[in-house]
Amino acid sequence: MSEHGGNGAVEVASGGNGSPALTKKDFASDQETRWCPGCGDYAILATVQQFLPELGVPPERTVFVAGIGCAGRFAYYMNTYGVHGIHGRAPALATGLALSRPDLSIWVVSGDGDSLSIGGNHLIHALRRNVPLKILLFNNQIYGLTKGQYSPTSEEGKVTKSTPFGSQDHPFNPLALALGAEATFVARTVDTDRGHEADVLRAAAEHRGSALIEIYQNCNVFNDGAFDAVRAKGREANQIRLEHGKLIRFGVEDERGVVRDGGGRLSLADVADVGEDALLVHDAHDPNPSLAFALAHLAERPTGPTPIGVFRAVERPLYAEAMTAELEKAYADAGPGTDDLDALFRSGDTWTVE
Amino acid sequence: MSEHGGNGAVEVASGGNGSPALTKKDFASDQETRWCPGCGDYAILATVQQFLPELGVPPERTVFVAGIGCAGRFAYYMNTYGVHGIHGRAPALATGLALSRPDLSIWVVSGDGDSLSIGGNHLIHALRRNVPLKILLFNNQIYGLTKGQYSPTSEEGKVTKSTPFGSQDHPFNPLALALGAEATFVARTVDTDRGHEADVLRAAAEHRGSALIEIYQNCNVFNDGAFDAVRAKGREANQIRLEHGKLIRFGVEDERGVVRDGGGRLSLADVADVGEDALLVHDAHDPNPSLAFALAHLAERPTGPTPIGVFRAVERPLYAEAMTAELEKAYADAGPGTDDLDALFRSGDTWTVE
Amino acid sequence: MNKAVEEKERVVVRFAGDSGDGMQLAGNRFAAATALIGNDLVTLPDFPAEIRAPAGSLAGVSAFQIHFASRDILTPGGQPNVLVAMNPAALKTNLPELERGGIVMVNEDGFTEPNLRKAEYDANPLEDGTLDDYKVLRVPMTSMTVRATEGIDGVSSRDAARSKNLFALGVVSWMYSRPVDVTQRWIEQKFASKPTLAEANLAAFKAGYNFGETAELLQVHYEVKPAPAEPGTYRGINGTTAAALGLISASVRSDLPLFLASYPITPASELLHELSRHKRFGVRTVQAEDEIAAANMALGASFGGHLGVSVTSGPGMDLKAETIGLGVMLELPLLVIDVQRAGPSTGMPTKTEAADLLMAMHGRHGESPLPIVAAATPAQCFDAALEAVRIAVTYRTPVILLSDTFLANSTEPWLVPDAADLPPLDPGFATEPTNGGEFLPYRRDERLARPWAIPGTKGLQHVIGGLEKEDETGNVNYEADNHAVMTRLRADKVAGIADDIDELVVDHQDGAEMLVLGWGSTFGAIKGAVRRVRKRGGKVARAHLYHLNPLPRNTGEVVRAYDKVLVPETNTGQLVKVIRAEYLVDAQSYTKVEGLPIFAEELDDAISERL
Amino acid sequence: MNKAVEEKERVVVRFAGDSGDGMQLAGNRFAAATALIGNDLVTLPDFPAEIRAPAGSLAGVSAFQIHFASRDILTPGGQPNVLVAMNPAALKTNLPELERGGIVMVNEDGFTEPNLRKAEYDANPLEDGTLDDYKVLRVPMTSMTVRATEGIDGVSSRDAARSKNLFALGVVSWMYSRPVDVTQRWIEQKFASKPTLAEANLAAFKAGYNFGETAELLQVHYEVKPAPAEPGTYRGINGTTAAALGLISASVRSDLPLFLASYPITPASELLHELSRHKRFGVRTVQAEDEIAAANMALGASFGGHLGVSVTSGPGMDLKAETIGLGVMLELPLLVIDVQRAGPSTGMPTKTEAADLLMAMHGRHGESPLPIVAAATPAQCFDAALEAVRIAVTYRTPVILLSDTFLANSTEPWLVPDAADLPPLDPGFATEPTNGGEFLPYRRDERLARPWAIPGTKGLQHVIGGLEKEDETGNVNYEADNHAVMTRLRADKVAGIADDIDELVVDHQDGAEMLVLGWGSTFGAIKGAVRRVRKRGGKVARAHLYHLNPLPRNTGEVVRAYDKVLVPETNTGQLVKVIRAEYLVDAQSYTKVEGLPIFAEELDDAISERL
Ligand SMILES: Cc1ncc(C[n+]2csc(CCOP(=O)(O)OP(=O)(O)O)c2C)c(N)n1
Ligand SMILES: Cc1ncc(C[n+]2csc(CCOP(=O)(O)OP(=O)(O)O)c2C)c(N)n1
Ligand code: SF4
Ligand code: SF4
Ligand SMILES: [Mg+2]
Ligand SMILES: [Mg+2]
C-alpha cells in the first residue's frame, strides 16, 4: 500500500505517484448531476473536483462516503470510490473504512440534518477519536431532499412544512459543537467562494486527523438567501477571515477587528478606536480550544460579521494509528499462517486421545 | 394541573402543595438496592432522597427516567413514577413526557456510556432544545453493568476487557460537550460530597430548563479511585468550587486562584504572587458560554485541581413552552368537541348527494 | 359552434409535464371539479424522485392520473384514455401506458430542440410517426397562454407562460364537460391577495376552455354522468389527511391529547405536516432528532397519559424496533404508523410497495407480539386510524398501522361521518390502588390489559422498564416460571384481541372455487378485478383483511372453504406465508414488486389464468 | 485409611455460592481436570444478573454445573447429583433441582444468622429437616481453610478465607478421583507472581482433598472412566472462544484481515474481549459508540476489503437492522453474529433464549433476504463461523450467525483440527474492468454474486449506495421493471445458496413415525432425548438444521417422510412457522421460554407423550 494519503494527511501537490499530473476531469463521473438549478451544491462540486488533483492522490485511492440528503448525492458525481450510505451514519461507515485502509484519502459529505440531527452522535465520536476523515458539512439550514423541514441549524421560529407556526427549538452552532467534541480541525467556508473554499480544503487535507468543514450552502428552493449576509456579492465585508498568526480584522479596508474586553469576552471594534495592538491574533494551533470556541460564538448566526476559515488545527495522535501500524506489520511481515493457527488452537489445556 | 414543578423550575422549599412537609422516606421505594457494596451510587441515592423533599413536589408528580447501566437502576429505588427505558434513550423518552406533562418534575439518571456513547445524540438535542429535564450523569469513566469496558470518558490508554492493550480514543470532556451543545445549565459535583451535591441539585431544580449535572461517581469494582484527586479525604484542596459572582480561588486556605493570562488563557496561580485583583470572578449567568467552556477545559482530567459547581446557568425560553401553553389552553377552555370535528371534516371542497 | 356530446361510463386522464409545469395542481383542480359533479373517482400522483431534476429531463417528469366514472370505481386506473404531455420527456415516459387509439394532447411549444435532446429523442415524435396509433392534439399551449394574458399589466410573458397548466386544465375541462365556476372560484380565492396572478390564471383557464369549444380538431366532447352514491356529504380525501382526521377524532373521542413525534421521511412526512397544523385540537407535534427519539418521545407521552403516535416509513421502522419492543414490555398504548415505500434500504423513496408486513410481525428481538392493522383505501385510513388507537388504548399495547405511498397520496371521495356517531373511547386511567393499599401495575383485567396509571395520580407511583417483570407486581424478576408466564400473557393478550374485532367478511359467489384474499392497498384492485372476472361469467370470491395480527377468528374457516386461495401483494409474498403457516392451506401468491400499485386489469388476467 | 471406590457412568455436580465465593473458578478447574482424564463433559455457568448483589443475597448466587461421563454426553445435565452450597442463599436457590437422595455439601461456616436472614430462611435448613431427603455433608470449609493456611506469612485469615473455593474443589476432586497435579500445576502458573497466594490456594486445595480421604462422613468415592473418543488432540472450549477461533481461521484461510466492530452487550461482549487479544493475527477490534455505528464500521471495512464482522445480542440486533438492509443492497460481505438472550426488550440479559430467528429472517423493511446460519453446540460455533464467512464472502452478502447465551458460556471438549485441513477461501477481488473498458459493479457471476472491487484498484472506481440500482451498472434506477428484476435477483442469489450447502442429514430409525427437527443450541437436548426414548424402545428420528435460510434442498422431503414432526425451540415456536409455511406439514412445537436451555429429560417426556 502506498504512502500517499496515508492517515488522511497528504502533502499537497505531491505530484501524485509518478502518474501524469491529475486534472479535474479525472475526478468527475459520467453521472448527470441532479440538483435543483442554482443549488449551492454545484459550486461546491466544481471546487472540489478542481481542487483534488492538487493532492496527487489518484481517484482510485480517494473515497467519498456520503449520507442521505441532497448533499449526499455528491458521491455519485465523483469518479472515485464511493458509498452512499444510510441517513446519518456516514462518519461511522467511513471510520470502519479508515481503520481498515489507512492508505486511502477519505472524504465524508453530509448535510446539516444528516450530520447534526440523526447523525450527531457519529459525528462527535468520529471527531473525538480523531479518525482521519475530512468531513464536509453542507449546511443549508434546512432539509432539502425531504422538501423543506427545518433542521438543527435553522433559526428559532422558522416556518417550514413541519413547523407552520414557527420552529420551537434553539439551533446548534455546528463549530461550537465540534469544538465541544474535541475536534482537532474545525473550519468554515462558503459554497460560492471558490478561492477560500480551496484554501480550507487544502488545510484540511494537510491536517493529520479528522477535519470538520462547515460549508454555508444556499438551498435556493427551500431556504434561499440564508447566508446572504456573508455570501452575497458585496458582502465580503462581513467575512471575518481567520488566518493563523495574523491579526483578526475585517471590513472593506480591514478597518474593523476582534478584541478581547476586560471581562475576557471577544467583541468587534473599529481599529481606529482601539488601535492595532488591541486586536486579537488568531492562534489556530492553541492546544486549548477555548479561543476557537469563543470565535465560534462571535456570531451566533451568519447575519452579520461572521468568522470563516480555519478556527482550529492541532496535532493529536490519530485514532488507533499505533495499533493499526503494529497490526499491519504483524500481518505484512509474517502474515499469520496455518502454523500460527495450530499454535493458537492448542493454547491452554489440551489432552490427547490415542 | 398544579403550578409546582411546572416547566421543570420549582421554588425550592415551597413547602409543597399544602400537604404535610415531605420527608426522605416519601421518596424511598421498598426495593432492595442492588449495587456493589461501596459503590458511589449509594451515596448519590441517599443525597437525592434527602434533598427532594425540599422541593415540595410530591412523589406522584416527580418522575425518574433512567437509562440502562448500573446508574439506571436508580429509578427502582425511588418511590416516584419512573421509567427504566432502553440504553441511551432516556433523554428522548423524558422529552416526550416533559412536552406532554409540563406539570411534572422530571429527572433523568444515566451513566457515561448511556449518555455519552450510545445516547450522545439525544443528550445534546435535549440540551439545545432546553427541555425541562434535570439530567444526572453518573460519570464513573467505565461501563459498570457490562462488567468493565472503557467508556467515552475513560482516559486514553485505559486497559479494560475490550482494550487489553489500552484504549485508543481520546475522551470527551462532558461539560465541554454540553456547552458546545448550547446547554443552559451545566454543573459538576462529587458523589460523596453530600453538601455540595445538594447545592448543585438545588440550583438545577431552580433553573428553568434542562440541566446537565455531571457527578463524579466511583465504581469501586471496575474503576476504583478514578476521582481520588478531588474526592478522597484530604483532597478538598483540589476542588475549585465555582460560585457565581465570587472570585475563583481554592486550596486549603484559598491560597490559589484562577487568572486569565495575557493571551486570554485561563491558568492557576498563587494568590500571593498575582494578588486578589488578578483573580477571575465567576459569571455563571454570562449569556456567552465561552468562559464556562474555558473553565471546563481548565482541567482536562480530574487528576489535579478541578472546578466543580455550577459552570453555567442562563435563561432561555423552554422548548415549545409558548406553544404548549397555547395548546393546553385551547384544550382546557373549549376542549375540542364533536362540533369542532364536524367543522374540520367539512373544511375544504365538499359536495352533497341527496 | 355547437359540438357533439358523447356519454362515457369511465375515463382515465393523465396530466404529465416537467416538475415545474404544475401538473399536480392541474390534476387536483380537475379532480375537485369532477368530484363536485358527483362522479366517482380515484387519483394517483406520480412525483419524480429527484428534488428538482434538470428542467425537461426524463427524471424530472411529474404526472397526475385521475380515473372517474358514472359508477363506483376502485383504482386510479391502468391505461389512461387521455394523456396531456407538456414536453417531450413527459410524452416519452408516459406514452407507453396510453391505451392504443387514445387521445394525446401535447404542448407543441414544449417540443423544442433542447427539450427533445433532454428527453433523449433523436427525432421529433410529433413528426416521425411515433404517434400514428393515437389521436393527437398538437396545441401551442405556451404561446396561446401568453397571448391570452397579454395586456394584463404586471404580468411578464415569463409569468404568463407559467399559467399554461391552467390552459391545459381548461381544454380538458371542456373535453369532459367539467363545470367552469368551480375552478374559477378556486382561482379567485387562491390568488385573492395577488389579483394580477388571479387574472392571468383565469385568462389562461378560459382560453383553454374556449379553445376546446372553437378548435377545429376537437369535434366531440364527452359527458360522464354522476355515479350513484349513498346520500350524504362528501369530500375528496387522500390517505394522509384521512389518517390525520382519524387520529384527531380518536383524540377527541377519548379525551387523550394527541402527541405526534416523528422524523421527516418520504412519504410519511406529510402526516407530520398535516397534524402540525391543528393547534385547535391541542395536537402536539415534535420533529425529533431521529426515529429512535421520535418513538421514545411518543412512548414518554403515553406514559404521561397522552395518545403517543409516531409515523415513519421503512428505514425509520428499522430504527424504532427496539423502542417498540420496550413498548411491548411496558404495555403502554403506542401507535406506530408505517407508510410503506419501495425497499429494501433507501430503495425508491417516492414509489409504493407493501413489503413491511413480516417486519411488523417479527421485526424485533425476542418474543414481542403486537397487534397490526392495515388500511385498505385512502379514505379507509380514517377508520383504520380509529381502530388502531382503540386497540392500543384498550389493550395497553403498541400497535403498528400499515399504510403505503399509494394510499397516502391517492385521493377518493369520502362520505363524511357525523362526529357524534364516532365511538367514544375511555382510557380508563387507574385512580385507585388495585389491591387494598398496594398498587399492582401488572395486575390485568379480563382482557389481560394492565392498569394505566399516569404521573400525578397519588399513591400509584410505580416504575416500569424493559427488564422482565414479575406477574402482577411488575417488579424486576428473572425467575424461569415467571418468564414463561409473562411471555404467555403478552402473547395471549394480543391473540385475545381476535374476540374483539370483526370476522372476515367474504364477498362470495355461488360456485366460486377460488378465494382472492387481500390486505392493505390491494383492496381496490382486487375488488375491481373480481368484478371484471365475474362480468365475464367467471366465478370467484373475495375477502380483505383489515387486521393482520391477530387474524379474524374465522379466517381459517374461510380459506379452507375454497380449493384455491390467491393472495395478491406488492411484495414477494408475505401474507401468503402467514396464511400457509397458520392454516396449512396451499395459498398461492400473485406478486408485483415494481414500485407501483397492482391494477385491476393485470390482476384480472392473473385470476383468470388460475381459475 | 483406604476407602471404597464405586464406578459411575455419569455425574452432574453443581458448585453454588455467593458471587464473591469463586464458584466459577472452582467449576472451571474441576472441568479442566475432568477433561484431562478423558471424560466427556458439558458445563453450564449461571451468573447472577446483578453486577454484584449484596453478599449473601439470593440475587447474588453464582453457580457452575458440570456434567461428565464415561460416554459421550450432550447437555450440561438436568438434575445435579451433587450440590456444593457455600452459603444459605446458594442452598435455597439450587436445592430444588438436586436429585432426591443426592449429595449436598454445605459450608457450615457460611450458615450464620445474617446469611440465613439474607437468604430469607426463617429456620436453619441444616437443622429443620429441610435436607432430610438428601445425603448431607456439613463441612466448616472456611475455618478449615483458614487453619490449613495458618503460618503462611503474608496471608491474613481474611485472604485465607477467600481460598475456600479451592478447599471445596479439593473435596469434590477427591470424591470423583480427579488428578491432583493438574490443579496444582494451574495454581502454580496462575499465581507465579504471587507465591504466598499460590501457597495458600494450594494448601486449601490439598486440605480439601485430604479432608475427603480422612473424613468419617465420606465412606466411598467414585470413579468415572474415560469416555471413548475419536483419537486426536482435544481442548475444552466454549461457544465464544470457538467462534473467535473460527473467525480468525476464516481470516487466515482467506487472507482477509479480520475487522470486528461491536458495542458491548451481555453476553456478546465476551467475543469482543476475546478477539481484541489477537494482535498477532492482525485482528482489528473497535468498541463503537453504539450498535448502529458498529455495523456501519464493519460494512465500511468490508468495502475496504476486510472481513467485516459485528457481534451483538437482541437489542443490538434491532439497531443494526437498517444497516444490514444497506448491506443487502450494497451486496458486500458482512457477518453479524447474534448471541441471543432472553427478551423481549432488555428482558433477562444473562439468561438464554433463541427467539431471534424470525427477526433474522424478516427484521428489516422491504424485501431484504439474507442467509442465516445457526450454531448447534459450543464447539460447533467454530465451524458455524467458518461457514458463515464462506457464504458472506462467496455470495457478497450480509449473513446472520445465530448463537445464544447457553452456547457462548457452555464448555465441551473440542477435537482440535489441523489448520492446514481447513478449507481455503478466495475473496476473488475484482482487478479488471468487467466489460471491456467499463466496470460493471452489478454484473453477476454464475452464483449471481457481484464483483468485489476494493479502493486502490485502478480503473474500478464505482459508487454504491442504498438506492435501488440498475441491473449490471449499479447506477441509481427507479424503473418498475428494473426494480422487479433486482428484487428477484437478490432473492434468487440467496435461495441459490441451497445448491452449495449440505443436505439435511436424518438420524433415522426403522419404524420411526416421528421426526424431531431442531436448530441451534437444542442439538444436545434433542440428541440426548432421542437416545433416551430409543433406549426404552421408542422409535423416533432426528435431524438438525445448521442453515436456516436457505433451508437444505431436501428439507421438504425429509419432513414429509414422517407422520409427526416435532420442533423443540426455546421460543414460542418460530422455526415451526417456517416449516409449516414452506412445506404445509402439520409440524408441532415443543417450546420452553424460561431463560434456560431445554434438557434431555424434559424433552424425552415431551416426545414420549406424542409418540
Ligand atoms: C432513517 C431515515 N430517516 C429519514 C430519512 C429521510 N431523509 C432523507 S434526507 C433527510 C434530511 C435531509 O436534510 P440534510 O441532511 O440537511 O441534507 P440536504 O437535503 O439539506 O442536503 C431525511 C430526513 C431517511 N432517508 N432515512
Ligand atoms: C442497545 C443496547 N446495547 C448495549 C447494552 C448493554 N449495556 C447495558 S449498560 C451498558 C453501559 C453501561 O455503562 P454506563 O452507561 O457508564 O453505566 P454504568 O453501568 O457505568 O453506571 C451497556 C453497553 C444494552 N443494554 N442495550
Ligand atoms: S432542494 Fe435545495 S439543497 Fe436540495 S438540490 Fe434543491 S436547492 Fe439544492
Ligand atoms: S459495577 Fe461499579 S458502578 Fe456498577 S454497581 Fe458495581 S461499583 Fe457501582
Ligand atoms: Mg440541509
Ligand atoms: Mg459508567
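Protein chains get the first letters and strands the later ones, always in sequence-line order, with residue 1 at the start of each. Only heavy atoms go into these numbers, but all of them, side chains included; no hydrogens, no water, no symmetry mates.
Contacts between C:Leu422 and chain B at a heavy-atom distance below 4.5 Å involve the side chain alone, from C-beta outward. With a 4.5 Å cut-off on non-hydrogen atoms, C:Ala35 touches chain B through its backbone and its side chain both. Of the two parts of C:Val283, only the backbone, made up of N, CA, C and O, holds a non-hydrogen atom closer than 4.5 Å to a non-hydrogen atom of chain B. With a threshold of 4.5 angstrom between heavy atoms, B:Ser29 does not approach chain C through any atom at all. When heavy atoms are compared at a cutoff of 4.5 Å, C:Tyr234 approaches chain B by way of both its backbone and its side chain. Using a 4.5 Å cut-off between heavy atoms, C:Pro417 touches chain B through backbone and side chain atoms alike. With a threshold of 4.5 angstrom between heavy atoms, C:Thr241 does not approach chain B through any atom at all. Using a 4.5 Å cut-off between heavy atoms, B:Glu354 contacts chain C through its backbone alone, with no side-chain atom that close. The part of B:Met323 that comes within reach of chain C is its side chain, from C-beta onward, which places non-hydrogen atoms under 4.5 angstrom from that chain. C:Asp255 touches chain B through backbone and side chain together, each having a heavy atom under 4.5 Å away. Proximity to chain B involves both the backbone and the side chain of C:Ile454, based on heavy atoms less than 4.5 angstrom apart. Proximity to chain B is absent for every atom of C:Trp186, based on heavy atoms less than 4.5 angstrom apart. Contact annotation for C:Ala298: neither backbone nor side-chain heavy atoms come within less than 4.5 Å of a heavy atom of chain B. For C:Pro228, no part lies under 4.5 angstrom from a heavy atom of chain B. Residue contact with chain C, scored on non-hydrogen atoms closer than 4.5 Å, involves the backbone and the side chain of B:Ala75 alike.
Of residues 62-70 of chain B, those residues with a non-hydrogen atom less than 4.5 Å from any non-hydrogen atom of chain C are, in numerical order, B:Val63.
The heavy-atom pair separating B:Phe345 from C:Val416 by the smallest distance is CB-CG1, 3.4 Å. In terms of heavy atoms, B:Asp342 sits closest to C:Ala419 at OD1-N, 2.8 Å.
Other residues, nucleotides and ligands place no more than 12 heavy atoms under 6.0 Å from the NZ atom of C:Lys190.
Among C:Ser249, C:Gly38, C:Gly308, the residue with the largest count of heavy-atom pairs under 4.5 Å with chain B is C:Ser249. Looking only at heavy-atom pairs under 4.5 Å with chain B, the residue among C:Ala261, C:Ala295, C:Pro257, C:Ala453 that has the most is C:Pro257. By number of non-hydrogen pairs under 4.5 angstrom with chain B, the leading residue of C:Val182, C:Ile248, C:Thr457, C:Leu330 is C:Thr457. Among the candidates C:Ser302, C:Gly456, C:Gly459, the residue making the largest number of heavy-atom pairs closer than 4.5 Å to chain B is C:Gly456. Chosen from B:Leu341, B:Thr352, B:Thr350, the residue pairing most often with chain C at heavy-atom distances under 4.5 Å is B:Leu341.
Not a single donor-acceptor pair under 3.5 Å links the side chain of C:Arg235 to the backbone N or O of B:Gly348. With hydrogens and angles disregarded, no donor-acceptor distance shorter than 3.5 Å links the side chain of B:Arg89 to the backbone of C:Asn296.
In this structure the side chain of B:His122 never reaches within 4.5 angstrom of the side chain of C:Met297, judged on heavy atoms.
Atom-to-atom distance recorded for B:Asp339:CG and C:Asp418:CG is 12.0 Å, nearest 0.5 angstrom. For the atom pair CG of B:Asp349 and CZ of C:Arg29, the computed distance is 5.5 Å after rounding to the nearest 0.5 Å.
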